[in-house]
S.K.: 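I'd like to ask you about the structure that follows.
Values below: all heavy atoms of this structure, side chains included; hydrogens, waters and symmetry mates excluded. Chain letters run A, B, ... following the sequence lines, proteins first and then strands; every chain starts at 1.
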Number of protein chains: 2
Amino acid sequence: MSLPHAILTALLEKPSSGLALTRRFDKSIGYFWSATHQQIYRELGRLEASGLIRALPAQGPSRGSKKEYEVLAAGREELAAWVARPEDPRPIRDPLLLRVRAAGVVGRAGLEEELRRHLALHRRQLAEYEAIEARDFPAGAKGSADSAGAPAEGRSAADQLQHLVLRGGIDLETFWVAWLERALEEFEG
Amino acid sequence: MSLPHAILTALLEKPSSGLALTRRFDKSIGYFWSATHQQIYRELGRLEASGLIRALPAQGPSRGSKKEYEVLAAGREELAAWVARPEDPRPIRDPLLLRVRAAGVVGRAGLEEELRRHLALHRRQLAEYEAIEARDFPAGAKGSADSAGAPAEGRSAADQLQHLVLRGGIDLETFWVAWLERALEEFEG
DNA sequence: GGCCCCATGTAAGGTGTTACATGATTTG
DNA sequence: CAAATCATGTAACACCTTACATGGGGCC
């Protein structure tokens with residue numbers, strides 16, 4: 001049940017239309033929660049029906065013209081409640097680990113190439129995250145100097161949390177790169 | 001499409017009934033691919049219908065008595081093909097990271113306690129994996145000394161891959177523990 | 001008999017993915 | 001005007017999760 005909350009978060013950060021949301025799920029939000037436009041439209045409909053968001057009035061036909069959504073008070077409350085709601089971490093479920101295990105049974109033919117391919121992909125992703133970190137959270141780290149003209153308090157608190165999430169992405173990709181390098185070493189050695 | 005291949009792997013390691021499989025998915029296999037008994041029974045039915053596995057003959061009523069399955073040649077081939085089949089890694093999709101991001105928008109009330117809870121869970125999981133490693137892959141590491149009375153070649157190759165997968169689980173949990181510790185530090189500091 | 005556990009299954013609902021459909025606006 | 005792109009949506013299907021159903025065997 002995380003998609004509706006991902007959408008509420010995105011809409012609170014900035015009211016948007018369905019397509020604009022989709023774009024943002026391909027960028028910053030998508031770095032830790034991906035979603036396609038079909039999922040997003042369906043969920044927008046549900047959230048509106050539940051009274052958590054509403055479409056800003058707009059004239060014109062219902063099809064083919066923009067519909068902007070904004071979060072209502074009930075939506076904000078639901079999101080705040082969700083942040084604190086206990087929810088256990090899901091067990092690991094990774095196809096690549098499974099494939100390595102399967103290779104132990106049927107042989108590892110072709111697996112090494114796949115590992116190399118994944119290593120390249122994870123290295124690219126890691127580089128992308130690091131570029132974002134260098135751009136959005138330069139040097140000084142933590143609370144840091146707030147960039148031009150924003151209210152210092154709220155800005156830096158939200159920034160700190162966003163940075164934390166980005167660090168999560170970086171560390172995860174770092175894990176994959178290290179694990180894949182180790183695996184390939186063992187294959188060759 | 002990984003569940004059928006997880007089941008094929010499990011059945012090749014040891015032919016089993018549905019319930020026995022479920023048990024094994026709660027232990028070793030479940031450490032990197034979880035599944036419930038409903039998923040497993042349904043998938044066993046499909047795999048049998050596709051001719052990849054077969055039920056060993058057994059008398060008695062169809063309900064309430066054991067049905068053992070074994071993998072057919074076609075099943076082994078399918079699994080070997082899957083090991084080499086290119087499949088991109090899925091983008092990250094983690095509710096906890098999402099919640100931290102949401103906390104940046106609606107406030108972090110209650111979040112710290114959740115992080116503590118998750119930290120404890122991940123520490124426990126990490127300890128469990130490390131205990132398994134100490135038990136099944138003692139000291140010498142890599143190819144290592146094969147334990148009593150197994151054919152050296154195949155045994156140690158499969159062992160090496162299983163160890164690699166376990167290391168993946170350990171490293172992943174290590175990542176979570178480190179990330180959560182960092183997050184809590186920032187919250188307090 | 002009543003209770004618990006073993007073992008296999010059905011049903012319903014939510015989530016995610018892929019493919020396609022439709023109208024409006026911009027661009028050559 | 002034709003083609004591409006924007007923007008919103010429908011349909012179908014596969015998958016996962018949760019809850020419940022059914023029948024047998026062992027135990028007190």
S.K.: Could you state the OH-C1' distance from Tyr69(B) to dA7(C), rounded to the nearest angstrom?
M.R.: 12 Å
S.K.: Whole angstrom is fine here: how far is it from CG in Leu19(B) over to P in dT8(C)?
M.R.: 6 Å
S.K.: Give a yes/no answer on whether the side chain of Arg46(B) brings an N or O atom under 4.0 Å of OP1 or OP2 in dC15(D).
M.R.: yes
S.K.: Just N and O in the side chain of Tyr41(A): are any of them under 4.0 Å from OP1 or OP2 of dG9(D)?
M.R.: no
S.K.: Indicate yes or no: at least one non-hydrogen side-chain atom of Glu87(B) is less than 4.5 angstrom from one of Leu96(A).
M.R.: no
S.K.: Listed in order of residue number, which residues of residues 81-101 of chain A have a non-hydrogen atom at under 4.0 Å from DNA chain C?
M.R.: none
S.K.: Go through the steps for Glu13(A) and Arg101(B) under the test salt bridge (charged side-chain N to carboxylate O under 4.0 Å, His left out), then give the verdict.
M.R.: CA-CA 10 Å; Glu13(A) 288 175 355; Arg101(B) 171 87 169 226; 2.9 Å; yes
S.K.: State, without any angle test, whether Tyr31(A) and Glu128(A) hold a side-chain donor-acceptor pair at a distance under 3.5 Å.
M.R.: yes
S.K.: Once you round it to whole Å, what is the distance between P of dC16(D) and CZ of Arg42(B)?
M.R.: 8 Å
S.K.: Do Leu121(A) and Val100(A) belong to the same hydrophobic cluster, where Ile, Leu, Val, Met, Phe, Trp and Tyr are linked whenever their side-chain heavy atoms lie under 4.5 Å apart, directly or via other members?
M.R.: no
S.K.: Might you work through the side chain to side chain contact (heavy atoms under 4.5 Å, CB included) test for Gln39(A) and Phe25(A), ending with a clear yes or no?
M.R.: CA-CA 11 Å; Gln39(A) 280 178 275; Phe25(A) 270 84; over 6 Å; no
S.K.: For Leu3(B) and dG16(C), give me the distance from atom CG to atom C1', rounded to whole Å.
M.R.: 16 Å
S.K.: Nearest whole Å is fine: how far is dG9(D) P from Leu21(A) CG?
M.R.: 12 Å
S.K.: Between the protein and nucleotides 3-5 of chain C, list the N/O to N/O atom pairs that are separated by less than 3.5 angstrom.
M.R.:
none

S.K.: Would you mind reading off the distance between Ile7(A) atom CD1 and dG16(C) atom C1', rounded to a whole angstrom?
M.R.: 13 Å
S.K.: How are the rings of His122(B) and His118(B) set relative to one another: parallel (under 30°), tilted (30 to 60°) or perpendicular (over 60°)?
M.R.: tilted
S.K.: Which residues, if any, of residues 26-39 of chain A bring a heavy atom under 4.0 Å of DNA chain D?
M.R.: His37(A), Gln38(A)
S.K.: Flag the pair Tyr69(B) / Leu56(B) as yes when at least one side-chain heavy-atom distance between them is below 4.5 Å, and no otherwise.
M.R.: no
S.K.: Answer with base, sugar-phosphate or nothing: what part of the nucleic acid does Thr22(A) contact at a heavy-atom distance below 4.0 Å?
M.R.: nothing
S.K.: Give the rounded distance in Å between these two atoms: CG of Leu44(B) and P of dT8(C).
M.R.: 9 Å
S.K.: Run the salt bridge (charged side-chain N to carboxylate O under 4.0 Å, His left out) test on Arg117(A) and Glu113(A) for me, step by step, so that the C-alpha distance in whole Å, both residues' side-chain angles and the decisive distance to 0.1 Å come before the verdict.
M.R.: CA-CA 6 Å; Arg117(A) 210 173 59 83; Glu113(A) 201 184 325; over 6 Å; no
S.K.: If you count heavy atoms of other groups shown closer than 6.0 angstrom to CD of Glu181(A), is the number above 12?
M.R.: yes
S.K.: Run Glu133(B) and Arg167(B) through salt bridge (charged side-chain N to carboxylate O under 4.0 Å, His left out) and show every step you take.
M.R.: CA-CA 8 Å; Glu133(B) 187 182 35; Arg167(B) 284 304 316 175; 3.1 Å; yes
S.K.: Between Ala158(A) and Gly104(B), what is the shortest heavy-atom contact and its length?
M.R.: CB-O, 3.4 Å
S.K.: Round to a whole Å and report the spacing from CD of Glu43(B) to C1' of dG9(C).
M.R.: 15 Å
